[in-house]
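Some notes on the structure that comes next.
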2 protein chains.
Amino acid sequence: MTNKNHEHKSCVSLVPIFNHLDAEQMNEIMETASSQSFKKGELVYHAGETSDVLTIVNKGSLRLYRLSESGKEQLVRVLRPGEFTGELALFNEKVHENYAEAMEPTSVCQITRSDLQALLIKYPSISLKILQELSTRVDQSETQATRFTTESTEQRLASYLVDLLGPDSQTNIVTLPLAKKDLASYIGTTPETVSRKLKELEEMNLIKRISSSKIKILDEDNLLFL
Amino acid sequence: MTNKNHEHKSCVSLVPIFNHLDAEQMNEIMETASSQSFKKGELVYHAGETSDVLTIVNKGSLRLYRLSESGKEQLVRVLRPGEFTGELALFNEKVHENYAEAMEPTSVCQITRSDLQALLIKYPSISLKILQELSTRVDQSETQATRFTTESTEQRLASYLVDLLGPDSQTNIVTLPLAKKDLASYIGTTPETVSRKLKELEEMNLIKRISSSKIKILDEDNLLFL
DNA sequence: CGTTGGATTGAAACGGCTCAATGTTTGTGG
DNA sequence: CCACAAACATTGAGCCGTTTCAATCCAACG
């Protein structure tokens, strides 16, 4: 019986969007959110589908990707706990353009359009959080698009590695969070080219491959300077 | 004396974001917005600048672009009356990543962070409008990024032309709203290649060039099918 | 221990860019 | 209204980076 509440609690409490609310407000939101789980490989939604829910990742991760006309796949981004998707269908009543696929066992919570709109009206500060998130995403996507047309594959790979590192790092070792195939798709190239370019970067003594998914950044400055 | 009010009125009345509000609310917003004009080529803001205003185009148009590390320019999009920019700096207190340049004599109106936040709290429906706009922009930017990596230059040009046409068109004639240089940058190529590809499309009887900026779409289906 | 899928490497083909020459408009001043 | 300049558009040739396809290598896993 408390099961349902627990589910809701675990769902919402993690979400940065609602973090700033007090316990009472949080409870109200929990009432409106529902929880759902997906096995690895299952689709939370797919392009062409309509939907009226905002989906927030609770545990696990979602792979957002698009298919071009020709069927080629483009990894758009990966959603981690606390991040959300579905805003296009939700706010614009359009069909999804992305596919959202669980990369591992993943649980999400979902809020319907009408519930969310009521919440936004009642607690306008929530919308500021969402606005923040969306404007960040616009920026990231535009940055990515700019890189596709103005930088070489090698530069994009180097930028990606440095981005992974972040400003604060002791060891200078990054762990690739994506399969090679997805990494390649994300930076707009092929697995073969990723392999070749990593090799080149290593030969230039800019990086060192520790294991298949661990890479030590030896020279951050020159990686960006390429 | 009524001068200032007129300026405000002309400013806000055009803006879709606020369209749904009643006259009294509109008046209140007018009080908080300020108006500014730019000559062709002037920058409304530039990358690296901090700012705490949302900028809404009132008349004219703004060219939003980025510069890559190497100095290459990427046209991100063009803002027409009613559209806004500045959300990254405003909601996230980050520096601008884009340059915003007037393409012609242009007037904008601006609302400061604190004024806007107050408005959002007071009239939550405004935030729904902004949410709509931002989620649309995320979608557009992701679509653009996907095209860069999954489609050929020829396909991107063709898609661009068809997008210009829109679903409703009598004549099937599109008017290029951008200089060739900007068009090329927008679709991620060079003016030379645009020229060559337009020629090829014409030789395939998919389009017909009427004048330098007018193009007749002869075969929309096959343009997308390339 | 074999099988299967991913990662690497090689060779060849191709698409698009650069640079340079030529052609075409546009606008301006005589 | 014409002439000329300056900017822009087109075309050509050569080059370079990346993809493709195929072969091989490696590693994880049943």
Side-chain angles (χ1 to χ4, degrees), chain A residues 40-41 63 68-75 103-104 145-161 175-204 207-215 226, chain B residues 40-41 63 68-75 103-104 145-161 175-204 207-215 226:
Chain A
K40 175 175 175 172
R63 221 169 132 268
S68 69
E69 333 281 318
S70 46
K72 214 176 148 191
E73 185 181 309
Q74 166 67 29
L75 183 75
M103 297 174 71
E104 54 193 306
T146 300
R147 284 180 177 169
F148 285 146
T149 62
T150 60
E151 296 181 1
S152 68
T153 299
E154 190 169 64
Q155 287 170 322
R156 294 201 302 275
L157 177 58
S159 298
Y160 177 79
L161 292 176
T175 304
L176 299 182
L178 261 35
K180 277 277 159 58
K181 185 166 98 36
D182 285 331
L183 198 183
S185 171
Y186 184 66
I187 65 174
T189 184
T190 61
E192 292 96 324
T193 301
V194 169
S195 184
R196 278 185 261 265
K197 295 302 181 187
L198 281 177
K199 190 184 171 198
E200 283 182 36
L201 293 178
E202 192 163 28
E203 282 166 355
M204 289 189 263
I207 66 170
K208 174 116 186 60
R209 280 183 284 186
I210 310 291
S211 71
S212 66
S213 69
K214 289 206 182 304
I215 294 178
L226 277 179
Chain B
K40 175 176 176 171
R63 223 169 130 266
S68 70
E69 334 281 318
S70 46
K72 212 175 150 192
E73 185 180 310
Q74 166 67 31
L75 183 75
M103 296 174 72
E104 54 192 305
T146 300
R147 285 180 177 169
F148 285 146
T149 62
T150 59
E151 295 181 1
S152 68
T153 299
E154 190 169 64
Q155 287 170 322
R156 293 201 302 275
L157 177 57
S159 298
Y160 177 79
L161 293 176
T175 304
L176 300 181
L178 262 36
K180 278 275 159 60
K181 184 165 99 36
D182 285 331
L183 198 184
S185 171
Y186 184 67
I187 65 174
T189 185
T190 61
E192 292 96 323
T193 299
V194 169
S195 185
R196 277 186 262 267
K197 295 302 181 186
L198 281 177
K199 191 186 172 195
E200 284 182 35
L201 293 178
E202 193 162 27
E203 283 166 354
M204 288 188 265
I207 66 169
K208 173 117 187 59
R209 281 182 284 185
I210 310 291
S211 71
S212 66
S213 69
K214 290 207 182 303
I215 294 178
L226 277 179

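Chain identifiers are assigned alphabetically (A, B, ...) following the order of the sequence lines, protein sequences preceding nucleic acid strands; residue numbering begins at 1 within each chain. As a basis for the values below, the full set of heavy atoms in this structure was taken, side chains included, without hydrogen atoms, waters or symmetry mates.
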Considering just the side-chain nitrogens and oxygens of A:Ser152, establish if one lies under 4.0 Å of OP1 or OP2 belonging to D:dG17.
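For D:dG17, neither OP1 nor OP2 has a side-chain N or O of A:Ser152 closer than 4.0 Å.
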Does a side-chain N or O of A:Thr190 approach OP1 or OP2 of D:dT19 to a distance below 4.0 Å, or not?
yes
Interatomic distance where [atom1] belongs to [X] and [atom2] belongs to [N] [whole Å]:
X: B:Leu178; N: D:dC8; atom1: CG; atom2: P; result: 14 Å
X: A:Glu200; N: D:dC16; atom1: CD; atom2: C1'; result: 13 Å
X: B:Asp182; N: D:dA9; atom1: CG; atom2: C1'; result: 15 Å
X: B:Leu183; N: D:dT10; atom1: CG; atom2: C1'; result: 15 Å
X: A:Gln155; N: D:dG17; atom1: CD; atom2: P; result: 11 Å
X: B:Arg156; N: C:dC17; atom1: CZ; atom2: C1'; result: 13 Å
X: B:Lys197; N: D:dA9; atom1: NZ; atom2: P; result: 19 Å
X: B:Glu151; N: C:dG16; atom1: CD; atom2: P; result: 12 Å

Is the shortest heavy-atom distance from the side chain of [X] to the side chain of [Y] under 4.5 Å?
X: A:Glu73; Y: A:Asp182; result: yes
X: A:Leu198; Y: A:Leu161; result: yes
X: B:Lys197; Y: B:Arg156; result: no
X: B:Leu157; Y: B:Thr189; result: no

Compute the angle between the rotation axes at the two ends of the helix from C:dC1-D:dG30 to C:dG30-D:dC1, each taken over five pairs, rounded to 10 degrees.
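Taking five pairs per end, the axes differ by 30°.
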Show the nearest heavy-atom pair for residues A:Pro191 and A:Lys181, with the distance to one decimal.
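In terms of heavy atoms, the two residues are closest at CG-CA, 4.2 Å.
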Nearest atoms (heavy-atom pairs only) where A:Tyr160 meets A:Leu178
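Scanning both residues, the minimum pair turns out to be OH-CD2, 3.7 Å.
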How does each nucleotide of nucleotides 7-14 of chain C score, in 5' to 3' order, for protein heavy atoms under 4.0 Å: base (B), sugar-phosphate only (S), or none (-)?
SSBBB---
Test: B:Lys199 and B:Glu202 ion pair at under 4.0 Å
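The answer is no: the pair does not qualify as a salt bridge.
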